[in-house]
Amino acid sequence: NLFIFAFLVFLLFQIYEFEKFISYISFTITLVCLIFSILGILEFFNINLLNFQTNTRPGSTLSIRNFASEYAIIALPFSLIFCSKKNNKTIKIFSALSALIILVFIFFCRTRSSYVVLFIYFIILTIFFLYRKITFGQNLIKNYAIIILIIIISFIIGIYSAPNIDKERKNLNNTVASIFDINYPENTARINYWKTAAKIFLDEPVTGIGTGSWFGIYPNYNGNIYTDENVLKTSELNPHNDYLEVLSENGIFGFTFYIILLFTVGIRLLTETRSRFLALPVFLSYSGFLFVSFFSFPKDNVSLMILFS
């Protein structure tokens with residue numbers, strides 16, 4: 001289905017000129033993510049309008065905050081469409097407010113990988129605006145200032161601990177600080193996953209262990225951690241790193257092909273940003289997907305793969 005979707009996107013590129021097509025896509029993605037974020041924010045205040053079947057970590061229509069936050073952060077760059085609409089105040093206001101609401105939802109989710117990606121977005125945008133300042137002048141500086149303002153306001157709102165936020169992550173500052181804490185339980189677990197993935201690769205470096213086999217092989221390397229109490233509560237479905245998963249499951253050749261594919265797309269998008277501002281949201285979203293892949297498994301999340309396509 002994803003291949004069919006990607007093919008349809010390719011066909012639409014042939015029908016519409018680039019700028020018009022990207023404008024349509026950006027508006028649609030922003031609108032969908034806005035609705036998605038509003039439903040998610042309401043859920044954090046125990047208002048479940050559509051009666052989502054959720055767990056203790058609410059995440060709008062995706063049911064879990066990690067997936068929800070990762071989707072929102074990868075969709076967020078498409079709200080930058082307001083920067084290119086010089087004479088359309090309605091689109092500017094819609095895009096700016098959408099970005100603010102989506103960011104508030106992301107901060108409420110308390111998903112650390114999204115904060116890392118947000119920081120990467122800030123670095124890329126800063127470099128881009130400094131590079132293009134000579135060409136676009138004051139208008140670009142104004143847009144950059146608006147983006148900074150939106151981030152600051154959303155952060156201030158996001159500090160608030162809504163009633164339904166994870167009890168372990170009520171404090172936003174502590175959640176951000178935990179990213180750098182090696183002894184934080186989730187960090188320790190991830191490091192163990194990564195080390196195990198490296199060991200699996202070294203045992204089967206050429207062909208790997210086969211796609212989808214990681215969770216079945218993992219106990220061979222860490223079986224002693226399981227007990228009757230925790231065997232049904234583990235997260236060892238994958239190494240929480242798409243690159244290491246591809247490397248350990250598909251070997252060096254599969255990993256090389258995967259990296260070449262990503263690299264080729266990235267170079268093309270980077271080239272487009274030099275001449276077309278509207279290519280920037282696509283490049284940012286693509287970069288977000290790459291960095292989320294370091295800490296999670298977006299290639300297994302169909303909602304994220306649709307954006308990636």
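Nothing here was measured: the structure is a model prediction, and the numbers come from that model.
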**Student:** Checking Y115 against T175: is there a side-chain donor and acceptor pair closer than 3.5 Å?
**Tutor:** no
**Student:** With a sphere of 6.0 Å drawn around CZ of F257, does it hold more than 12 non-hydrogen atoms of other residues, nucleotides or ligands?
**Tutor:** no
**Student:** Does F45, at its CZ atom, have more than 12 non-hydrogen atoms belonging to other residues, nucleotides or ligands within less than 6.0 Å?
**Tutor:** yes
**Student:** Once side-chain contact (heavy atoms from CB on, under 4.5 Å) is applied, do any residues pair with L149, and if so which ones, sequence neighbours excluded?
**Tutor:** I153
**Student:** Check the orientation of Y243 and F294. Use parallel for under 30°, tilted for 30 to 60°, and perpendicular for over 60°.
**Tutor:**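 Ring orientation of Y243 relative to F294: tilted.
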**Student:** Please answer whether the main-chain N or O of A177 pairs with a side-chain N or O of Y184 as donor and acceptor at a distance below 3.5 Å.
**Tutor:**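 Pair absent, no side-chain N/O of Y184 close to backbone of A177.
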**Student:** How about I182: does its CD1 atom have over 12 heavy atoms from other parts shown lying under 6.0 Å from it?
**Tutor:** no
**Student:** When you look at CZ of F36, are more than 12 heavy atoms from neighbouring residues, nucleotides or ligands closer to it than 6.0 Å?
**Tutor:**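 Atom CZ in F36 is packed in, count exceeds 12.
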**Student:** So which of L269, L270, T271 actually passes side-chain contact (heavy atoms from CB on, under 4.5 Å) with T273?
**Tutor:**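 Filter result, single survivor: L270.
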**Student:** Under 30°, 30 to 60°, or over 60°: which ring-plane class applies to F44 and F105, parallel, tilted or perpendicular?
**Tutor:** tilted
**Student:** Please determine whether side chain to side chain contact (heavy atoms under 4.5 Å, CB included) holds for the pair I124 and F283, giving the CA-CA distance in whole Å, both sets of side-chain angles, and the decisive distance to 0.1 Å.
**Tutor:** CA-CA 10 Å; I124 294 175; F283 178 72; 4.1 Å; yes
**Student:** Around K170, counting heavy atoms of other residues, nucleotides and ligands shown, do more than 12 lie under 6.0 Å from its NZ?
**Tutor:**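 Above 12, so yes.
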**Student:** Which pairs pass salt bridge (charged side-chain N to carboxylate O under 4.0 Å, His left out) with one or both residues in residues 97-120, sequence neighbours excluded?
**Tutor:**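 Those involving residues 97-120 are R112-E186.
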**Student:** If you compare all heavy atoms of I150 against all heavy atoms of A96, which two are closest, and at what distance to 0.1 Å?
**Tutor:** CD1-O, 3.8 Å
**Student:** Hey, are Y221 and D203 close enough side-chain-wise for a donor-acceptor pair under 3.5 Å?
**Tutor:**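 Looking only at side-chain atoms, Y221 and D203 do form a donor-acceptor pair, the distance falling under 3.5 Å.
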**Student:** Please name all residues satisfying salt bridge (Lys or Arg N to Asp or Glu O under 4.0 Å) with E245, sequence neighbours left out, ordered by chain then number.
**Tutor:** K299
**Student:** Indicate the ring-plane relationship of F107 and F155, choosing parallel, tilted or perpendicular according to the 30° and 60° boundaries.
**Tutor:**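 Geometry flag for F155 against F107: perpendicular rings.
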**Student:** Assign the ring pair Y218 / Y193 to parallel, tilted or perpendicular, where the plane angle (0 to 90°) is split at 30° and 60°.
**Tutor:**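 Rings of Y218 and Y193: perpendicular, over 60°.
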**Student:** Assert yes or no for the condition that the ring centre distance of F27 to F94 is strictly below 6.0 Å.
**Tutor:**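 Ring-ring flag for F27/F94: true, centres closer than 6.0 Å.
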